[in-house]
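Before any comments, here is the structure.
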Amino acid sequence: MTYEEALHKLAPAGQEHLLQYYEELPQKQKDSLLGQIEALDLSLLELIKEGVAEVPKGKLEPLGALTQEEIQERKDIYEKKGLEAIQACKVGAVLLAGGQGTRLGMDKPKGMLNVGINRELYLFGQLVNNLMEVVKKADAWIPLLVMTSEKNNEDTTAFFAEHDYFGYNKDYVFFFVQEMAPSVSYDGKIYMEEKYKLSTSPNGNGGWFSSLVRAGLLEKLQEFGVEWLNVFSVDNVLQKIADPVFVGAAIDSGCVCGSKVVAKAEQGEKVGVLCLEDGKPSIVEYYEMTDEIRNSRDEKGQLLYNYGVTLNYLFDIGTLTRIMGENMPTHVVEKKIPYLNEHAQLINPEEPNGYKFETLVLDMIHMMDNCLSFEVERRKEFAPIKNRTGVDSLESARELMRENGIAL
């Protein structure tokens, strides 16, 4: 892209300020800036023209789950089917690790957090350990795809290499960078964070499949023969990955996707709940639920909206590929965004000063025709590390790790 082409693209949207420092930049930075502008999706700005509104929900209905008791009754059947699929390399794993550990006081990828006490045990390493349990049981390697971001890709790839991939076969580990979206001021102007760099952020965890495809990894998965992808977040240190019982149950059910869920710890727990929306699987966030929905119970007194998601999903690749051209809703969120002021000084605001654009994996669930809700035991599979202290913290996760026999 030339300077003139960039200006022609930016002017109709009122974004010419992105080129204000162009003439004083060295050639390498000029090329970088033009490349960023060429990749810029200006259509996102339409989402804030009429003010910001959350994506509306349709008609909600409860969705039950394959309970722990039901799973136990058929566990051997499910596990056999799952192991057969893994041994045939029909299952891959996708680790969503595009974020930084900012809330934990880190300026590095969250996966670099040391969760050990008397030994080094990094979050990345423990997740690989969890996956290795299945590899050993199946006697087969599982392709592991790690989604990074522009901000943490270099640190993440170097960390894996430095630690010899935590014992995993590096021929089965692939990294790809999450697509980015611009950050804008309340009046719709795209921020800059350096004279040659637009302010951007990862486009939300819903962008994982399009980012994977853009990186050329769909072809790699097809070469392996992968038919299912287990997508999971970086922060749940106890989760089972490519769990053969989960995989086998999904195959047995005939569903095109599955979600690991936990029964709510209490009626008011602030978790996203798996349900039906206009007859299709969906996830309703706590703040989107009315009191009537939140408190509704069946004839036995059980909560109807009872199963919270753990961000551990299983997707059929064929279905993902077919829906790839469909538009996912984009969510507009208020954030504190560092930016260059009129004197080209970097400002770190203390209050929200603009918007970021995100797609969410929960919206992918709603694009599926059906979804197996698969209940797991909370204290054995759900120990997210999101906060410095208290609930869902490193401290609470370590307690559960000890309880599950993990040496710290």
- Message: Regarding R74 and E70, does a basic nitrogen lie under 4.0 Å from an acidic carboxylate oxygen?
- Response: no
- Output yes when R378 and E269 qualify as a salt bridge under the 4.0 Å nitrogen-oxygen rule, no when they do not. yes
- Are the charged groups of E38 and K9 less than 4.0 angstrom apart, N to O? no
- Side-chain donor-acceptor contact under 3.5 Å, S296 with E292: no
- State whether the side chain of N152 and the backbone N or O of A97 hold a donor-acceptor pair below 3.5 Å, judged by distance alone. yes
- Between H163 and the options F124, Y168, Y122, the ring pair (Phe, Tyr, Trp, His ring centres under 6.0 Å) test singles out Y122
- Task: State, without any angle test, whether D298 and Q302 hold a side-chain donor-acceptor pair at a distance under 3.5 Å.
- Result: no
- Would one find more than 12 heavy atoms of other residues, nucleotides or ligands at under 6.0 Å from atom NE2 of H8? no
- Query: For the atom pair OG1 (T102) and NZ (K110), what is the distance rounded to the nearest 0.5 Å?
  - Reply: 9.0 Å
- Message: Would you compute the distance between atom CG of L131 and atom CD1 of I241 and round it to the nearest 0.5 angstrom?
- Response: 5.5 Å
- Task: Verify ring pair (Phe, Tyr, Trp, His ring centres under 6.0 Å) between Y172 and F224, making sure each step is shown before the conclusion.
- Result: CA-CA 10 Å; Y172 284 80; F224 278 121; 5.3 Å; yes
- Message: We want to know whether Y339 and N348 form a side-chain donor-acceptor pair, criterion being a heavy-atom distance below 3.5 angstrom.
- Response: no
- Message: Looking at E84 and K81, is any side-chain nitrogen of the basic one under 4.0 Å from a carboxylate oxygen of the acidic one?
- Response: no
- CG/D139: more than 12 non-hydrogen atoms of other groups inside 6.0 Å: no
- Item | Ring-face cation contact, Y355 with K335, 6.0 Å cut, 45° max | no
- With a 3.5 Å cut-off and no angle check, do the side chains of N312 and Q239 form a donor-acceptor pair? yes
- Query: So does E351 pair up with K336, basic N to acidic O under 4.0 Å?
  - Reply: no
- Only one of L63, N370, L60 forms a side chain to side chain contact (heavy atoms under 4.5 Å, CB included) with L276, so which one is it? L63
- Message: Whether the side chain of H17 engages the backbone of K189 through a donor-acceptor N/O pair (distance < 3.5 Å, no angle test) should be reported.
- Response: no
- Query: Does the ring centre of F166 sit less than 6.0 Å away from the ring centre of F160?
  - Reply: yes
- Note on the structure: N114 and L121 have their tightest heavy-atom pair at OD1-N, 2.9 Å
- Item | Spatial distance of atom CD (Q36) from atom CD1 (I190) [nearest 0.5 Å] | 10.5 Å
- Query: Are D243 and K260 ion-paired here, with the side-chain N under 4.0 Å from a carboxylate O?
  - Reply: yes
- Which of these passes side chain to side chain contact (heavy atoms under 4.5 Å, CB included) with I406: V237, L238, V115, N129? L238
- Item | Flag for Q178-T148: side-chain donor and acceptor within less than 3.5 Å | no
- Message: Between the side chains of K75 and E79, is the shortest nitrogen-to-carboxylate-oxygen separation below 4.0 Å, so that they form an ion pair?
- Response: no
- Item | R214 and S211 side chains, donor-acceptor separation under 3.5 Å | no
- D278/K59 salt bridge by N-O under 4.0 Å criterion: no
- Could E395 and R398 be called an ion pair, given the rule that one side-chain N must be under 4.0 Å from one carboxylate O? no
- Message: Any side-chain to backbone donor/acceptor pair from D155 onto D107? Under 3.5 Å, distance only.
- Response: no
